Amino acid sequence: MPELPDVEVIKHYLDSTSLHQTIEKVTVRNPKILGNVSPRVLREALTARKFQTTRRHGKYLLVHLDGGSWLTLHFGMTGRLEYFGDICEDPRYDRLRIDFVNGFHLAYVCQRMLGEVDLAEDAESFIKGKNLGPDAFGLDFTTFRNIIRGRRGAIKSTLMNQRRIAGIGNIYADEILFQTGLHPNTVPDRLDEEMLRRLFQGMKGVLQTAIDHHADSRRLPRTYVLRQRHKGGTCPRCKVELRRVKISGRTAYYCPRCQAA
DNA sequence: AGTACCACCTGACGGC
DNA sequence: TGCCGTCAGGTGGTAC
């Protein structure tokens with residue numbers, strides 16, 4: 001699930017629940033979700049510390065500890081955070097649990113185990129080490145144009161390529177292309193300035209709207225194709241049945257009438 | 001440079 | 001009911 005808007009929502013969630021509280025204990029319930037850090041090192045880095053601030057880059061959430069280092073969270077396809085008071089509420093698929101001195105708990109929940117938790121010395125070098133491009137939400141038009149221009153593959157692949165632009169995944173790439181009226185297989189090379197600008201504004205608009213609605217697909221505007229992402233789904237604009245096609249191994253949904261090839 | 005395929009995991013769903 | 005293939009919004013590696 002978690003693409004940029006989802007991670008932004010998770011960031012707000014962590015900010016409003018877990019900042020400035022002393023960590024009492026850390027339980028790694030499944031060490032496979034850890035990147036390069038061992039359970040012991042992670043425990044030592046977090047225990048008796050506090051989360052000071054957070055930042056997001058693409059689909060990564062970075063949590064700054066008062067000790068100086070950063071806890072890095074990636075949510076894979078099924079990851080999320082859950083904050084709760086009663087230990088009996090510890091959710092299923094809890095892979096890592098942080099107990100605060102105040103008696104509350106923060107769980108990193110990840111059913112499919114495709115996420116990753118790690119420790120980094122520095123946020124910038126972490127982002128560089130992951131080869132992430134600029135964050136889709138902080139991007140200016142000139143940078144965007146330089147990234148898109150000259151690409152010879154499908155536009156959707158470029159939008160989803162985290163090395164080029166960080167934060168957009170399969171779902172929101174489809175939505176951005178729908179809102180812009182572009183076919184997912186469009187070759188970026190051929191886009192003129194006008195279309196590039198529309199695509200840029202479409203990207204910003206979709207991300208902002210999704211964040212405003214807590215990245216909850218049920219709350220998104222009816223003009224959004226995202227809610228129709230299922231077999232038999234129809235175009236919210238012209239009502240024609242959506243098409244499905246594989247692009248770089250992922251399923252793309254698009255409207256054959258509204259999204260010109 | 002771009003794509004196709006596989007792997008990593010767990011679970012839901014439809015067909016037989 | 002049970003088995004099996006397919007699919008699912010993540011990334012990374014390989015071969016072409």
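On a predicted model such as this, the values are computed, not experimentally measured, just so you know. A note on names: the letters A, B, ... follow the listed sequences, proteins ahead of strands, and every chain is numbered from 1.
- For C:dC7 and B:dA4, the P atoms lie 15 Å apart once the distance is rounded to whole Å.
- In summary, A:R40 and A:E44 engage in a salt bridge, as defined by a charged side-chain N under 4.0 Å from a carboxylate O.
- Rounding to whole angstrom units, CZ of residue A:F178 and C1' of C:dG9 are separated by 18 Å.
- Between the C1' atoms of C:dG2 and B:dC9, the separation comes to 23 Å (whole Å).
- Among the atoms of the strands shown, only primed sugar atoms or phosphate atoms (P, OP1, OP2) are found under 4.0 Å from some heavy atom of A:Y93.
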* **Paired and unpaired positions of DNA chain C as dot-bracket, Watson-Crick or G-U wobble under 3.5 Å, | denoting a partner strand** => .|||||||.|||||||
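- Within the 4.0 Å cut-off from OP1 or OP2 of B:dG2, at least one side-chain nitrogen or oxygen of A:R151 is found.
- A:L132 has its CG atom 11 Å from the C1' atom of C:dT11, to the nearest Å.
- A:L34 pairs by the side-chain contact (heavy atoms from CB on, under 4.5 Å) definition with A:V28, A:V37, A:P39, A:L42, A:V117, not counting sequence neighbours.
- Take A:R56 and apply the side-chain contact (heavy atoms from CB on, under 4.5 Å) test, not counting sequence neighbours, and it matches A:L4, A:V7, A:E8, A:K11, A:D135, A:F137.
- Residue contacts shown for A:D6 include a base, since a base heavy atom lies under 4.0 Å away.
- For the atom pair OH (A:Y83) and OG1 (A:T17), the distance works out to 6.0 Å, reported to the nearest 0.5 Å.
- Remark: A:K156 engages A:D174 in a salt bridge (charged side-chain N to carboxylate O under 4.0 Å, His left out) (not counting sequence neighbours).
- The separation of B:dC6 from C:dT6, taken at their C1' atoms, amounts to 16 Å, rounded to a whole angstrom.
- Remark: A:D212 engages no residue in a salt bridge (charged side-chain N to carboxylate O under 4.0 Å, His left out) (not counting sequence neighbours).
- Residues satisfying the side-chain contact (heavy atoms from CB on, under 4.5 Å) test with A:E24, not counting sequence neighbours, are A:V101.
- Of the candidate nucleotides C:dA8, B:dC8, B:dT10, B:dT10 has the atom lying nearest to any side-chain atom of A:Q111.
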* To do: Starting from the C-alpha separation in whole Å, work towards a yes-or-no answer on salt bridge (Lys or Arg N to Asp or Glu O under 4.0 Å) for A:K50 and A:D66.
  => CA-CA 6 Å; A:K50 297 172 184 170; A:D66 62 351; 5.4 Å; no
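- Heavy-atom neighbours of A:H213 NE2 from other residues, nucleotides or ligands within 6.0 Å: above the threshold of 12.
- A:Y60 has its OH atom 7 Å from the P atom of C:dT11, to the nearest Å.
- Residue A:H74 places its side chain closer to C:dT11 than to any other of B:dT10, C:dT11, B:dC8.
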Find every protein N or O atom lying less than 3.5 Å from an N or O atom of nucleotides 13-16 of chain B, and list the pairs.
none

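- For DNA chain B, none of the residues of residues 211-242 of chain A falls under the heavy-atom distance limit of 4.0 Å.
- Atom pair A:H57:NE2 and C:dT11:P shows a separation of 12 Å (rounding to whole Å applied).
- Contact annotation: A:K246 reaches the phosphate of C:dA8 (side-chain N/O to OP1 or OP2, under 4.0 Å).
- Nearest nucleotide to the side chain of A:M77, out of C:dA8, B:dT10, B:dC9: C:dA8.
- For the residue pair A:S18 and A:F100, the shortest heavy atom distance occurs at CB-CZ, 3.7 Å.
- For the pair A:L114 CG and C:dA8 C1', the interatomic distance rounds to 10 Å; values are reported in whole Å.
- Between the NZ atom of A:K32 and the C1' atom of B:dA7 there is a distance of 13 Å, rounded to whole Å.
- Put simply, CG on A:L177 is 15 Å from P on C:dG9, counting in whole angstrom units.
- A salt bridge between A:R145 and A:E193 is present, with a side-chain N of the basic residue lying under 4.0 Å from a carboxylate O of the acidic one.
- Listed by chain and residue number, nothing satisfies the salt bridge (charged side-chain N to carboxylate O under 4.0 Å, His left out) test with A:D118 (two or more places apart in sequence, or in another chain).
- Applying the 4.0 Å criterion to OP1 and OP2 of B:dG2, one finds that A:S248 has every side-chain N and O outside that range.
- Going from atom CG of A:L207 over to atom P of C:dG9 covers 18 Å, rounded to whole Å.
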Which atom pairs, donor and acceptor, lie under 3.5 Å between side-chain atoms of residues 251-261 of chain A and protein residues at least two apart or in another chain?
| unit_1 | atom_1 | unit_2 | atom_2 | d |
| --- | --- | --- | --- | --- |
| A:T251 | OG1 | A:K246 | NZ | 3.3 |
| A:Y253 | OH | A:R244 | NH1 | 3.2 |
| A:Q259 | OE1 | A:C255 | N | 2.7 |
| A:Q259 | NE2 | A:L177 | O | 3.4 |
| A:Q259 | NE2 | A:L182 | O | 2.9 |

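- For DNA chain C, the residues of residues 153-172 of chain A within the heavy-atom distance limit of 4.0 Å (strictly under) are A:Q162, A:G169, A:N170, A:I171, sorted by number.
- More than 12 heavy atoms of other residues, nucleotides or ligands lie within 6.0 Å of CZ in A:R227, so this atom counts as buried by the packing criterion.
- A:R152 comes within contact range of the sugar-phosphate backbone alone, with a heavy-atom separation under 4.0 Å but no base atom that close.
- Under the salt bridge (charged side-chain N to carboxylate O under 4.0 Å, His left out) criterion, A:R97 pairs with A:D90, A:D99, not counting sequence neighbours.
- You'll find that the side chain of A:K59 is closest to C:dT11, out of B:dC8, C:dT11, B:dT10.
- The side chain of A:Y253 places no N or O atom within less than 4.0 Å of a non-bridging phosphate oxygen (OP1 or OP2) of C:dG9.
- For A:T158 against A:P188, the heavy-atom pair with the smallest separation is OG1-CG, 4.3 Å.
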